[in-house]
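The model shown is predicted, which means the values in this text are computed figures rather than measured ones. Quick note: residue numbers are just sequence positions, from 1.
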Amino acid sequence: MAPVVAFVVFLLCWQTASMFFVQRDLPSVIYVVEQVFVVVSGGGEYQFFTHASISLQRIAIASVISLVIGVTLGTVMGWAKRGRYLTAP
């Protein structure tokens with residue numbers, strides 16, 4: 001219960017503080033939530049899910065490349081005496 005109360009107090013403080021600043025410097029909570037919905041829904045120039053899927057593809061490709069390099073290097077280190085010698089600290 002305490003984390004929820006702390007979060008609500010944080011949001012209230014943020015909303016109150018935003019009334020004393022220009023929106024560009026400190027946007028209100030309501031404005032930020034509205035913009036999150038615009039970005040996620042793909043409104044305007046934002047295509048959140050397109051960009052997120054491209055990023056996930058890049059992460060998957062990098063993981064596969066790292067896995068191939070790591071398994072190959074580990075196999076060479078385990079099987080060949082010269083491989084252990086070249087890769088030992």
So, do V22 and D25 sit near enough that their side-chain heavy atoms are less than 4.5 Å apart?
yes

Looking at L73, I'd like to know if its CG atom is crowded, meaning that more than 12 non-hydrogen atoms belonging to other residues, nucleotides or ligands lie closer than 6.0 Å.
yes

Please determine whether residues V39 and F49 belong to a single hydrophobic cluster, defined as Ile, Leu, Val, Met, Phe, Trp and Tyr linked transitively by side-chain heavy-atom distances below 4.5 Å.
yes

Report whether V33 and F10 are members of the same hydrophobic cluster (ILVMFWY, side-chain heavy atoms less than 4.5 Å apart, transitive linking).
yes

Cluster check Y31, V38: I/L/V/M/F/W/Y, side chain < 4.5 angstrom
no

From the list V71, I65, V64, side-chain contact (heavy atoms from CB on, under 4.5 Å) partner of L67 resolves to V71

How about L26 and F20: do any of their side-chain heavy atoms sit closer than 4.5 Å?
no

Minimal heavy-atom distance between V40 and F48, with the atoms involved, is CA-CB, 4.0 Å

Can you get from F37 to L11 by hopping between Ile, Leu, Val, Met, Phe, Trp and Tyr side chains that sit under 4.5 Å apart?
yes

Quick one: pull up CG in L56 and OG in S63 and give me the separation to the nearest 0.5 Å.
10.5 Å

To the nearest 0.5 Å, how far apart are CD in E34 and OG in S28?
7.0 Å

Please check this pair: side chain of Q15 against backbone of V29, looking for a donor-acceptor N/O pair closer than 3.5 Å.
yes

What are the two closest non-hydrogen atoms of T72 and V68, and how far apart are they?
OG1-O, 2.7 Å

